[in-house]
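Below, read A as the first sequence line, B as the second, and so on, with proteins coming before strands; counting in each chain starts at 1. Just so you know, these numbers come straight off a predicted model, no measurement behind them.
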Amino acid sequence: MRFSKMFLPTLKDAPSDAEVISHRLMVRAGMIRKVASGIYNYLPLGLRVIRKVENIVREEMNRAGAQEVSMPMVIPSELWQESGRWDVYGKELLRIKDRHQRGFCLGPTHEEVITDMVRREIRSYRELPINLYQIQTKFRDEIRPRFGLMRGREFIMKDAYSFHATEEDAEKEYQNMYDTYCRIFERCGLKFRAVEAETGPIGGRFSHEFMVLAATGEDSIASCSKCNYAANVERAETKIEGLGVKGQEEKRPLEKISTPGMKTVDEVSKFLKTIPQKLIKTLIYNSDKGVVAALVRGDYEINETKLKRTLDAEWLNLADEETVRKITNAPSGFAGPVGLPTKIFADYSIQTVVNAVTGANEADAHLVNVNPDLNFTVSSFGDLRMVVAGDLCPRCTDGKLEIFRGIEVGHVFKLGTKYSEAMNASFLNEKGEEKPLIMGCYGIGIGRTAAASIEQNHDEHGILWPMALAPFQVHLIPVNVKDKATLDAAENIYTNLLNAGLDVLMDDRDERAGIKFNDADIIGIPIRLTIGNKTLKENRVELKMRNRQEASLVKLDDVAKRVRIEARQFWNIS
RNA sequence: CGGGGCGUGGCUCAGUUUGGUAGAGCACUGCGUUCGGGACGCAGGGGUCGGAGGUUCGAAUCCUCUCGCCCCGACCA
């Protein structure tokens with residue numbers, strides 16, 4: 001491709017709304033442009049990268065035995081009503097009406113459609129298992145789209161769905177997909193970890209997320225320093241006995257203390273000259289299971305996902321001011337477990353607190369010397385808190401948890417029969433019994449994977465593409481196109497490299513060298529070849545790898561060979 | 001959904017407090033010089049100041065409404 005002919009508008013400045021590095025660089029490198037909040041145009045250079053990711057995904061999925069299909073983006077509401085998700089999916093689901101006032105939605109995911117597709121055709125266990133996937137544009141009406149392709153509303157996703165006759169077989173495919181995902185992200189040259197994850201509104205029993213490690217990631221993951229345990233903090237557990245020994249302190253009588261205006265753990269512990277570990281936080285929640293109170297030690301945070309699971313609740317929200325007043329007879333900030341009319345769910349951590357401080361359920365007052373069982377009754381103890389760095393690993397003997405940031409690029413779920421039962425998708429087994437299909441579901445964010453690669457591979461000048469995702473492999477720069485010898489040599493090399501099967505971008509623009517070099521740095525093509533009359537006199541050209549500082553000189557006759565060697569080495573190291 | 005902010009040429013922004021008929025840098029066009037790390041000179045083109053309504057002799061500037069975008073928060077007791 002010739003730069004002069006390519007629609008490749010690079011920018012000196014990034015638009016002021018671009019915050020994270022991948023977003024800024026994608027815009028500056030002329031890869032994407034915003035059309036509306038969370039909705040983007042892919043320009044030629046951006047699309048090339050997207051296609052690279054897609055093709056890696058496609059090759060590996062095919063290799064793993066999956067088959068590509070394509071489903072509609074506009075989905076009739078009946079299918080979503082059948083699965084029950086029309087009412088529970090929330091505002092992320094963009095609902096639209098056609099001219100006949102029939103309900104549709106823009107597909108944020110395709111369990112319903114695929115289940116419908118498969119139930120119409122699959123009759124027998126002999127036709128199983130089957131794994132179908134598509135690479136397609138999805139739409140989720142995110143509350144707050146941001147970070148460019150990282151959290152868009154419209155985005156390209158690979159989603160695969162597998163159908164099985166037995167649990168065993170479904171688990172085998174889950175492992176197959178897990179391994180396939182590892183291969184995919186390795187080929188993309190990403191540093192990633194597979195972590196145990198929550199299942200969210202997609203449903204299902206357990207799952208793994210594939211996280212690209214990057215400081216700008218929106219997720220936190222906990223990872224063991226010793227063994228391979230890793231989990232999204234939404235789900236991460238710790239050893240219960242890791243909480244430390246219960247104090248030997250003698251239990252003292254309950255006492256009420258005036259604490260005017262002291263609401264937060266910080267304020268209260270400072271005011272009472274104690275430490276957060278001596279406090280018990282009481283949080284009032286509203287849920288479909290009613291209003292409940294959740295207790296956790298003052299220095300920890302409640303993990304709402306865990307609480308939700310404990311309650312077996314469909315939804316859960318921190319109670320509003322009005323509810324808090326009704327339940328506690330006090331403004332928020334002074335809730336405590338003593339005398340609360342609601343059910344009380346407590347994190348194990350409060351078992352370590354003796355003579356605790358809690359809210360008094362009265363404005364501007366706290367209780368001290370509160371002791372569970374003595375002063376209040378806990379309905380149930382459980383693991384309800386967020387893990388913190390340094391917590392003991394739940395799986396091995398002496399590992400400690402570390403917390404990292406990650407970008408979720410892939411997710412594998414075991415769905416079970418949630419959709420097949422709701423939508424009556426069944427088959428006949430060997431015994432002639434009708435059984436619901438057992439399903440699995442496997443997603444990869446294509447655009448997000450490209451963005452994650454930039455988050456991981458860039459410097460102060462621009463992108464550093466790994467060879468596998470690079471829009472071109474070679475960036476050819478004739479320094480001065482008005483110099484005939486330079487241009488002739490460049491054209492020659494260009495043709496040779498193309499014939500050698502390489503993707504080459506030749507910057508044949510009549511621009512100053514500085515502009516070309518700077519654009520080359522922003523775009524980030526791995527191999528840069530510079531042709532100028534200085535080195536041409538010695539029949540040499542300059543070869544520089546984008547991810548290395550030093551350049552080297554290569555004889556004209558050896559260029560194609562050297563480039564191929566460099567490209568291959570690059571594969572091996574990245 | 002709550003709080004805050006911003007919409008002025010393709011991009012980054014000034015001008016708004018104190019109304020007076022629209023600017024800078026970059027980008028773009030032409031000519032000349034320059035030419036291996038974002039050159040310089042000269043001459044140009046391009047803006048319904050997000051939109052609608054109002055106040056006024058006069059509105060980018062003041063008022064009302066509206067649309068769009070961005071940031072923070074929505075795990076706080």
Side-chain angles (χ1 to χ4, degrees), chain A residues 9-20 23-24 27-28 30 33-39 90-91 143-148 220 233-234 259 261-269 276 279-285 293-296 298 300-308 316-321 323-325 327-328 330-337 340 347 357-366 384-386 461-462 477-483 486 507 509-522 528-536 541-542 544 551 553:
Chain A
T10 56
L11 252 34
K12 261 188 198 175
D13 299 307
S16 53
D17 59 15
E19 277 186 287
V20 295
H23 186 192
R24 299 179 67 83
V27 174
R28 292 225 291 144
R33 289 291 186 268
K34 185 165 72 179
V35 177
S37 180
I39 299 175
K91 290 184 196 145
I143 307 175
R144 230 183 111 191
R146 56 185 139 174
F147 305 151
S220 288
V233 290
E234 286 179 355
T259 52
M262 304 293 151
K263 294 184 167 197
T264 66
V265 165
D266 231 32
E267 289 164 358
V268 173
S269 48
L279 270 64
I280 293 175
K281 272 203 281 208
T282 308
L283 286 77
I284 311 296
Y285 281 95
L295 307 186
V296 65
Y300 290 131
E301 299 296 337
I302 282 282
N303 181 326
E304 292 185 357
T305 314
K306 288 180 180 175
L307 180 60
K308 202 161 124 187
L316 175 79
N317 285 314
L318 210 58
D320 53 278
E321 187 71 29
T323 309
V324 172
R325 277 179 188 276
I327 299 292
T328 68
S332 71
F334 301 96
L340 264 194
D347 181 66
V357 179
T358 74
N361 295 326
E362 184 182 317
D364 299 326
H366 278 74
L384 299 178
R385 73 173 174 94
M386 300 291 266
H461 303 294
I477 301 182
V479 170
N480 180 359
V481 292
K482 283 186 190 143
D483 180 70
T486 302
D507 194 346
R509 296 174 301 169
D510 182 13
E511 290 287 359
R512 327 191 98 238
I515 287 178
K516 296 188 181 189
F517 289 137
N518 278 300
D519 276 348
D521 287 344
I522 294 172
R528 190 182 83 186
L529 285 175
T530 308
I531 294 105
N533 53 14
K534 271 202 288 197
T535 57
L536 212 51
V541 298
E542 180 195 286
K544 183 180 171 298
L553 291 177

- request: Give one of base, sugar-phosphate or nothing for A/Leu536, where a contact means two heavy atoms less than 4.0 Å apart.
  value: nothing
Side-chain donor/acceptor of A/Asn303 to backbone N/O of A/Met386, under 3.5 Å: no
message: Can you tell me if A/Ser16 touches the phosphate of B/rC13, counting only side-chain N or O atoms and a distance under 4.0 Å to OP1 or OP2?
response: yes
message: In this structure, how many angstroms lie between the P atom of B/rA77 and the NZ atom of A/Lys281, rounded?
response: 4 Å
- prompt: Contact class for A/Gly532 (heavy atom, under 4.0 Å): base, sugar-phosphate, or nothing?
  reply: base
- prompt: When you measure from the side chain of A/Asp13, which nucleotide among B/rG38, B/rC35, B/rG25 comes out closest?
  reply: B/rG25
message: Less than 4.0 angstrom from a charged side-chain N to a carboxylate O is my criterion; do A/Arg528 and A/Glu542 meet it?
response: yes
task: Rounded to whole angstrom, note down the P distance from B/rC69 over to B/rU64.
output: 23 Å
- request: Using whole Å, report how far NZ of A/Lys306 lies from P of B/rC75.
  value: 17 Å
- prompt: Under 3.5 Å, side chain of A/Asp483 to main-chain N/O of A/Thr486, donor-acceptor pair present?
  reply: yes
query: Ignoring hydrogens and angles, does a donor from either the side chain of A/Glu542 or the base of B/rG36 sit under 3.5 Å from an acceptor on the other?
result: yes
- request: Find the distance A/Asp347:CG to B/rC75:P and express it as a whole number of Å.
  value: 18 Å
- prompt: What nucleic acid atoms does A/Ile515 come within less than 4.0 Å of, heavy atoms only: base, sugar-phosphate, or nothing?
  reply: base
Assigned partner base of B/rC65, Watson-Crick or wobble definition, under 3.5 Å: B/rG51
A/Leu283 or A/Asn480, whichever maps to the more 5' nucleotide of RNA chain B: A/Asn480
field: Pairwise C1' distance for B/rC65 and B/rC57, with rounding to whole Å
entry: 26 Å
- request: Quick one: label A/Val268 by what it contacts on the DNA or RNA (base, sugar-phosphate, nothing), any heavy atom closer than 4.0 Å.
  value: nothing
message: Considering every strand and a 4.0 Å limit on heavy-atom distances, what is the contact class for A/Gly333: base, sugar-phosphate, or nothing?
response: base
task: Indicate yes or no: does A/Asp13 engage A/Arg28 in a salt bridge with an N to O separation below 4.0 Å.
output: no
query: Does any donor-acceptor pair link the side chain of A/Arg528 with the base of B/rG36 at a separation under 3.5 Å?
result: no
- prompt: Base, sugar-phosphate, or nothing: which does A/Ile284 touch, judged by heavy atoms less than 4.0 Å apart?
  reply: base
- prompt: Can a salt bridge be assigned to the pair A/Glu301 and A/Lys281 using a cut-off of 4.0 Å between side-chain N and carboxylate O?
  reply: yes
field: Any strand: nucleotide that pairs with B/rC1 via Watson-Crick or wobble, under 3.5 Å
entry: B/rG73
field: Pairwise side-chain contact, A/Val27 with A/Leu11, heavy-atom cut-off 4.5 Å (strictly under)
entry: yes
- prompt: Within the pair A/Lys34 and B/rC70, is there a side-chain N or O less than 4.0 Å away from OP1 or OP2?
  reply: yes
Sugar-phosphate only, base, or nothing, as touched by A/Pro15 at under 4.0 Å among non-hydrogen atoms: sugar-phosphate
- line: Taking for A/Lys534 and for A/His366 the nucleotide of RNA chain B with the nearest heavy atom, the one nearer the 5' end belongs to A/Lys534
query: Which whole number of Å gives the distance between the P atom of B/rC6 and that of B/rA24?
result: 24 Å
- prompt: Could a donor-acceptor pair under 3.5 angstrom be found where the side chain of A/Thr535 meets the base of B/rG36?
  reply: yes
- prompt: Got a donor-acceptor pair under 3.5 Å from the side chain of A/Asp521 to the base of B/rG37?
  reply: yes
message: Of the listed nucleotides (B/rC71, B/rG38, B/rA77), which one gets closest to any side-chain atom of A/Arg28?
response: B/rG38
task: Would you mind classifying the nucleic acid contact of A/Lys516 as base, sugar-phosphate or nothing, using non-hydrogen atoms under 4.0 angstrom?
output: nothing
- line: Separation of B/rU34 atom C1' from A/Glu511 atom CD, nearest Å, is 14 Å
message: In whole Å, I'd like the distance from the CD atom of A/Glu301 to the C1' atom of B/rA74.
response: 14 Å
task: Rounded to whole angstrom, note down the P distance from B/rA43 over to B/rG25.
output: 13 Å
- prompt: Looking only at side-chain N and O atoms, does A/Arg512 come under 4.0 Å of OP1 or OP2 in B/rC35?
  reply: no
Under 3.5 Å donor-acceptor, A/Lys516 side chain and A/Asp507 backbone: yes
field: Atom-pair distance (CZ on A/Arg509; P on B/rC28), nearest Å
entry: 10 Å
- prompt: Within this structure, what is the NZ-to-C1' distance between A/Lys12 and B/rG37, rounded to whole angstrom?
  reply: 12 Å
- prompt: Taking A/Lys34 for the side chain and A/Ile39 for the main chain, is one N or O donor matched with an acceptor at less than 3.5 Å?
  reply: no
query: Hey, does A/Asp519 reach any base, or is it just sugar-phosphate, or nothing, if we go heavy atoms under 4.0 Å?
result: base
message: In whole Å, measure the gap between the C1' atoms of B/rG9 and B/rG47 for me.
response: 5 Å
query: For A/Ile302, does its backbone N or O pair with a side-chain atom of A/Arg385 as donor and acceptor, under 3.5 Å?
result: no
query: Roughly how far apart, to the nearest Å, are B/rU55 and B/rC63 at atom C1'?
result: 7 Å
query: Across the strands shown, which category fits A/Thr264 at heavy-atom distances under 4.0 angstrom: base, sugar-phosphate, nothing?
result: sugar-phosphate
field: Nearest-Å distance once atom P is located in both B/rU16 and B/rA60
entry: 14 Å
P atoms of B/rG20 and B/rC62, separation to the nearest Å: 11 Å
- line: Separation of B/rC1 atom P from A/Asn317 atom CG, nearest Å, is 15 Å
query: In Watson-Crick or G-U wobble terms, both distances under 3.5 Å, what is the partner of B/rC57?
result: B/rG20
query: What is the pairing partner of B/rC42, taking Watson-Crick or G-U wobble pairs with both distances under 3.5 Å in any strand?
result: B/rG30
